[in-house]
Structures are given as C-alpha cells and as structure tokens.
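Working notes, structure below.
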There are 2 protein chains.
Amino acid sequence: MLGNPYDRDCPTRQLLDRIGDQWTVLIVGALTDGPLRFTEIGKRVDGISQKVLTQTLRSLVRDGILIRTAYPVIPPKVEYELTQLGRNLAEPLDLLDRWARRNMDQVTAARAAYDAENAATAS
Amino acid sequence: MLGNPYDRDCPTRQLLDRIGDQWTVLIVGALTDGPLRFTEIGKRVDGISQKVLTQTLRSLVRDGILIRTAYPVIPPKVEYELTQLGRNLAEPLDLLDRWARRNMDQVTAARAAYDAENAATAS
DNA sequence: CTGTATCCCTCGGGATACTG
DNA sequence: CAGTATCCCGAGGGATACAG
C-alpha cells in the first residue's frame with residue numbers, strides 16, 4: 001500500500017513527523033489569522049529560538065506549507081503566509097490543538113492518579 | 001488565558017508535544033481497531049525499538065490515553081487498549097494521518113521544486 | 001529586521017544483554 | 001512474552017556572535 005506511515009521507509013512517515021512537530025503546530029496555528037513577519041512569529045511562539053524558528057520556517061516553505069515573501073526594503077521585511085496546502089493542514093492541526101485544550105484537565109488528573117498509584121504501590 | 005500552548009509554561013504545550021509525537025500517532029492509530037499485545041504493536045509500528053515502545057506506552061497509560069491489562073499467566077500476556085479519552089484523541093490524529101497521505105504527493109513536488117530552484121539560484 | 005555561522009551540550013533513542 | 005538495565009552515538013536545539 002502506498003502512503004502507509006506504518007512502514008518505516010514510507011515518505012508519509014517523515015511528513016507525519018514533520019507536521020506533528022510541536023513548533024510546526026504552533027507556527028501554522030499562528031499564521032491562520034493571516035501573514036506574519038519573522039519577528040512576529042517568534043514573539044507569538046513563546047520559547048522558540050531564532051535558529052529553530054528559521055529552520056522550521058524554511059522546511060515549511062520547502063514543503064509547500066508556507067510562502068515566504070521578502071520585501072526589498074531597508075530594514076528588511078519578510079512575511080510568511082500559509083499556502084492553500086497550509087490552510088488545509090491548519091484544520092486537522094487546529095483540531096488537535098482544541099483536543100489538547102479541552103482534555104488537558106483529564107490528562108492532568110490521569111497523571112496525578114497514575115503517580116499516586118505508583119507511589120503507593122511502591123511497597 | 002488558560003490552556004494556551006503558545007505560552008511556553010502552559011501544560012497544554014507539553015500535551016501537544018506528546019500527542020504530536022510520531023510514535024504516539026502511530027500507536028494510537030494501531031489501537032483503533034481494538035486491543036493489542038505488546039509485541040503486536042511493535043510489529044505494526046515498523047522501526048520502533050523496544051525501549052521507545054515501552055516508554056511511549058507507559059507515558060500514554062499515565063496520560064490516561066491507554067489502559068494496560070496484564071494477565072497473570074505464563075508466558076506473560078499484556079494488552080493495551082484505548083480509553084474513551086484515547087478514542088476521542090484517535091479522531092483528530094486520524095485526520096492528520098489522512099491529510100499526510102492525501103497530500104504527500106503535493107509536498108514531494110513542492111520539495112523537488114524548491115530544491116531545483118535553489119540549485120539553479122546557487123549561482 | 002532577518003537572517004547565517006559556530007560552539008556545545010543535552011537527551012532521544014538504537015543496540016545489546018539480562019530478568020521475572 | 002514483556003519488560004528492565006546499560007552503553008553510547010548523533011541530532012536537536014539553545015546561546016552567542018556576526019552579516020546584509
């Protein structure tokens with residue numbers, strides 16, 4: 001079967017890995033409201049280093065998820081914007097984001113229960 | 001705002017990272033058809049090492065995504081199964097999976113175009 | 001402002017061997 | 001069968017300095 005990520009050599013697997021990346025989810029999410037400049041993205045995605053931001057943006061551009069537009073002005077101005085492909089991707093990503101927010105409490109509770117259990121069972 | 005993954009200290013961010021993990025996506029996907037034994041999961045998720053499989057399974061159990069059931073028989077038999085929370089998660093994850101499969105070709109093409117562009121521009 | 005270039009160090013995760 | 005325990009390597013990614 002084509003495009004089966006359960007096969008280790010399938011390119012779909014790499015793609016899945018890329019879009020599942022924490023930074024990718026956040027960056028694509030940040031751009032759903034419209035184009036943003038380099039620095040703007042950095043500010044929205046708290047904690048990302050400049051290096052990683054650059055790397056992630058470039059690979060997203062390469063994958064056809066984003067478009068990069070450089071304005072020949074001084075100081076430089078560069079905008080990043082979702083392509084159609086990127087906007088398509090934004091939907092499932094947003095669902096994941098919503099799921100995380102919605103179920104955060106349950107997960108936190110589950111963790112606490114699990115940890116308590118293990119501390120107690122540590123007889 | 002609560003549950004904002006754009007804040008680096010928000011727990012939702014960690015959760016998003018966890019569920020976005022390549023192995024998590026594949027494991028949860030593999031379990032949507034029903035419970036599986038440890039070795040079965042390992043076989044379905046091609047390329048995962050035993051260590052990582054164990055780690056990922058444990059953290060998913062801790063997060064309340066999976067239930068682990070050990071049968072006191074010899075040889076040991078352990079089954080992993082999605083919780084209700086896990087089944088809820090399976091949906092958005094499946095969408096991501098489908099997206100990746102559906103758009104793999106476009107991404108591959110975009111990469112080729114990007115690389116060609118860059119090779120040419122490398123004057 | 002928007003990157004590029006290094007240094008460097010942590011840690012994810014593979015390989016292997018052993019246990020209940 | 002289902003793990004646990006080590007060893008160990010390479011990549012990810014932070015900090016910092018510099019460039020167009």
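Letters A, B, ... mirror the listed sequences (proteins, then strands); counts begin at 1. Keep in mind that what you see is a predicted model, and the values were worked out from it rather than measured. Any value given below was found using the heavy atoms of this structure, including those in side chains, with hydrogens, waters and symmetry copies removed.
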* To do: Indicate, with yes or no, if B:Ile19 and B:Val61 share a hydrophobic cluster defined by side-chain heavy-atom contacts under 4.5 Å among Ile, Leu, Val, Met, Phe, Trp and Tyr.
  => yes
* Looking only at heavy atoms, which two atoms of B:Leu95 and A:Leu95 are closest? And how far apart? -> CD1-CD2, 3.1 Å
* Please report, rounded to the nearest Å, how far the P atom of C:dC1 is from the OH atom of A:Tyr80. => 15 Å
* To do: Give me the bend of the helix from C:dC1-D:dG20 to C:dG20-D:dC1, using the axes of the five pairs at each end, rounded to 10°.
  => 50°
* Structure fact -> In whole angstroms, the gap separating C1' of C:dC11 from CG of B:Asp17 amounts to 14 Å
* Asked: With distance as the sole criterion, is a donor-acceptor pair present between the side chains of A:Arg58 and A:Gln55 under 3.5 Å?
  -> no
* Asked: Between D:dG3 atom P and B:Lys77 atom NZ, what is the distance in whole Å?
  -> 13 Å
* To do: Check whether any side-chain heavy atom of B:Gln50 lies under 4.5 Å from a side-chain heavy atom of B:Phe38, and answer yes or no.
  => yes
* Taking atom P of C:dT2 as reference, at what distance in whole Å does atom CD1 of A:Ile74 sit? -> 13 Å
* Find out whether A:Leu93 and B:Trp99 are in side-chain contact, i.e. whether some heavy atom of one side chain is under 4.5 Å from a heavy atom of the other. => no
* Got A:Arg8 and B:Ile48 here, is their nearest side-chain heavy-atom distance under 4.5 Å? -> no
* **Side chain proximity check, B:Asp33 to B:Arg44, heavy atoms < 4.5 angstrom** => yes
* **Integer-rounded Å distance: D:dA11 P and B:Gln22 CD** => 16 Å
* **Side chains of B:Tyr71 and B:Val78 in contact at under 4.5 Å (non-hydrogen atoms)** => no
* Structure fact -> In numerical order, the residues of residues 58-72 of chain B whose heavy atoms come under 4.0 Å of DNA chain C are none
* Asked: Where along residues 29-56 of chain A does a heavy atom fall under 4.0 Å from DNA chain C?
  -> A:Arg37, A:Phe38, A:Thr39, A:Gln50, A:Lys51, A:Thr54
* Look only at the side chain of B:Asp63 and the backbone of B:Ile65, and say whether a donor-acceptor pair between them is shorter than 3.5 Å. => no
* Asked: Taking C-beta and beyond as the side chain, do B:Thr32 and B:Asp94 meet within less than 4.5 Å on heavy atoms?
  -> no
* Mark yes when over 12 heavy atoms from residues, nucleotides or ligands other than A:Arg87 sit less than 6.0 Å from its CZ; otherwise mark no. => yes
* **From C:dG3, D:dG13, D:dG20, nucleotide with atom closest to A:Trp23 side chain** => D:dG13
